[in-house]
Amino acid sequence: MFASPAFASIQVAFIKLYNSRGELIRLEKDSPYAHVAISYGRMWLHAHPFRGVELLSDQEMRQWGEISEVIVVSATRSLSYVEIQKYLGRPYDRTYSWNNGAYYCSELVAKILGIKPRPMSFDRQYWPPFFEKYNGQLGVSPRQLLMTFRPRSCQHLF
């Protein structure tokens, strides 16, 4: 069903999400991005809050959110279907835990790319008090992913 990608690069999409009133959803103080996805061929692998880890076409991803920045990560190979198959269908991680078998969007991308977690900061302004208990636990946010790539040599597509 899914052909192996023909190119040896991996893209990471940084996505803006909007509420029903058209207002930008912010989850971090210094970032407009509320979601990330990683390329697999001409599709996007991401962790959906209700459907879990899934593959979407480019058109489906653009209907879900605004792809505002795409970074091409230097890679010696593309992702294989065997590699991503272990993530497909896994549940979304609502506890933002690094080791529970469920995935939130930036955790999924970080694990695929081998990016190590670091202490996260849940800003009181953007997160309900329920999430304050996760402050400082290991993980990776969309902003942290972006800051990981910017110092490296990478190509911005948008």
Side-chain angles (χ1 to χ4, degrees), residues 2 5 9-20 23-73 75 78-79 81 83-123 125-128 130-150 152 154 156-158:
F2 299 103
S9 66
I10 297 171
Q11 298 175 16
V12 177
F14 291 85
I15 301 163
K16 293 179 182 177
L17 300 177
Y18 297 89
N19 66 22
S20 61
E23 301 165 331
L24 180 67
I25 297 171
R26 284 194 178 269
L27 300 177
E28 296 182 272
K29 184 177 181 179
D30 297 323
S31 176
Y33 305 122
H35 194 63
V36 295
I38 190 166
S39 64
Y40 171 72
R42 299 190 186 281
M43 300 187 82
W44 295 105
L45 182 70
H46 80 128
H48 187 280
F50 301 111
R51 296 187 303 258
V53 179
E54 65 181 357
L55 276 171
L56 293 181
S57 70
D58 190 64
Q59 181 181 5
E60 291 169 319
M61 183 58 76
R62 289 178 189 282
Q63 290 172 351
W64 198 76
E66 179 188 330
I67 299 176
S68 297
E69 187 167 353
V70 176
I71 293 178
V72 177
V73 179
S78 298
L79 296 176
Y81 186 68
E83 288 176 280
I84 67 162
Q85 192 172 21
K86 67 182 175 183
Y87 299 105
L88 287 172
R90 300 304 301 240
Y92 186 80
D93 186 359
R94 297 187 185 285
T95 64
Y96 302 95
S97 173
W98 195 252
N99 294 314
N100 66 357
Y103 298 90
Y104 57 93
C105 64
S106 48
E107 173 190 14
L108 176 68
V109 171
K111 285 186 173 179
I112 289 171
L113 295 177
I115 296 169
K116 295 189 184 306
R118 55 195 104 156
M120 291 192 295
S121 175
F122 288 89
D123 192 310
Q125 178 182 355
Y126 302 105
W127 292 91
F130 171 76
F131 288 101
E132 287 182 21
K133 72 180 183 177
Y134 302 123
N135 208 30
Q137 77 178 18
L138 292 179
V140 176
S141 71
R143 182 179 183 278
Q144 288 171 320
L145 272 180
L146 186 61
M147 298 314 293
T148 298
F149 297 131
R150 283 210 168 131
R152 294 183 183 175
C154 59
H156 295 266
L157 296 182
F158 287 56

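Just the heavy atoms: all of them, side chains too, but no hydrogens, waters or symmetry mates, feed the values below. Residues: numbered from 1 along the sequence shown.
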inquiry  = So, applying side-chain contact (heavy atoms from CB on, under 4.5 Å) with S106, which one of L145, V12, I38 is it?
reply    = L145

message = Just by distance, no angles: are the side chains of Q137 and Y96 close enough, under 3.5 Å, to form a donor-acceptor pair?
response = no

task = Of all the heavy-atom pairs spanning L17 and G65, show the shortest one and how long it is.
result = CD2-CA, 3.8 Å

query = Who passes salt bridge (charged side-chain N to carboxylate O under 4.0 Å, His left out) against R51, sequence neighbours left out?
reply = E54

ask   = Once you round to the nearest 0.5 Å, how far does CG of L55 lie from CE of M61?
value = 9.0 Å

query = Among all residues two or more places apart in sequence or in another chain, which pass the side-chain contact (heavy atoms from CB on, under 4.5 Å) test with S57?
reply = Q59, E60

remark   = Output for pair (H35 NE2, E66 CD), nearest 0.5 Å, gives 14.0 Å

task = With sequence neighbours excluded, tell me which residues meet side-chain contact (heavy atoms from CB on, under 4.5 Å) with N100.
result = D93, T95, S97, A102

ask   = Do you know which two heavy atoms are closest between L24 and P32, and how far apart they sit?
value = CD1-O, 3.7 Å

With a cut-off of 3.5 Å and sequence neighbours excluded, list every side-chain donor-acceptor pair involving residues 108-118.
from : atom 1 : to   : atom 2 : distance (Å)
K111 : NZ     : W98  : O      : 2.4
K111 : NZ     : E107 : OE2    : 2.9
R118 : NH2    : T148 : OG1    : 2.8

request  = Measure the spacing between CH2 of W44 and CD1 of I15 and express it to the nearest 0.5 Å.
outcome  = 7.5 Å

query = Which atom pair, heavy atoms only, marks the closest approach of M120 to S141?
reply = SD-N, 4.5 Å

query = Can you name the nearest heavy-atom pair linking P119 to L138, along with the distance?
reply = N-CD2, 3.7 Å

inquiry  = Students often mix this up, so state it plainly: with edges at 30° and 60°, are the rings of F14 and F149 parallel, tilted or perpendicular?
reply    = perpendicular

query = In Å and rounded to the nearest 0.5 Å, what is the NZ to CD distance from K16 to E69?
reply = 9.5 Å

Residues that Q63 engages under side chain to side chain donor-acceptor pair (under 3.5 Å), provided they are two or more places apart = none

query = Which residues pass the side-chain contact (heavy atoms from CB on, under 4.5 Å) test with K86, sequence neighbours left out?
reply = none

request  = Output the distance between atom CD1 (I71) and atom OG (S39), rounded to the nearest 0.5 Å.
outcome  = 12.0 Å

task = Answer yes or no: is there a side-chain heavy-atom contact under 4.5 Å between D58 and I67?
result = yes

key: Those residues that, when tested against Y104, pass side chain to side chain donor-acceptor pair (under 3.5 Å) (two or more places apart)   = none

query = Which pair of heavy atoms, one from C105 and one from A34, lies closest together, and at what distance?
reply = SG-O, 4.4 Å

query = Between the side chains of W64 and H46, does any donor sit under 3.5 Å from an acceptor?
reply = no

note = CD of Q85 to CG of L79, rounded to nearest 0.5 Å, is 13.5 Å

query = Tell me the salt bridge (charged side-chain N to carboxylate O under 4.0 Å, His left out) pairs involving residues 24-34, sequence neighbours left out?
reply = D30-R143

request  = Examine distances only and state if a side-chain atom of R94 and a backbone atom of P49 form a donor-acceptor pair shorter than 3.5 Å.
outcome  = yes

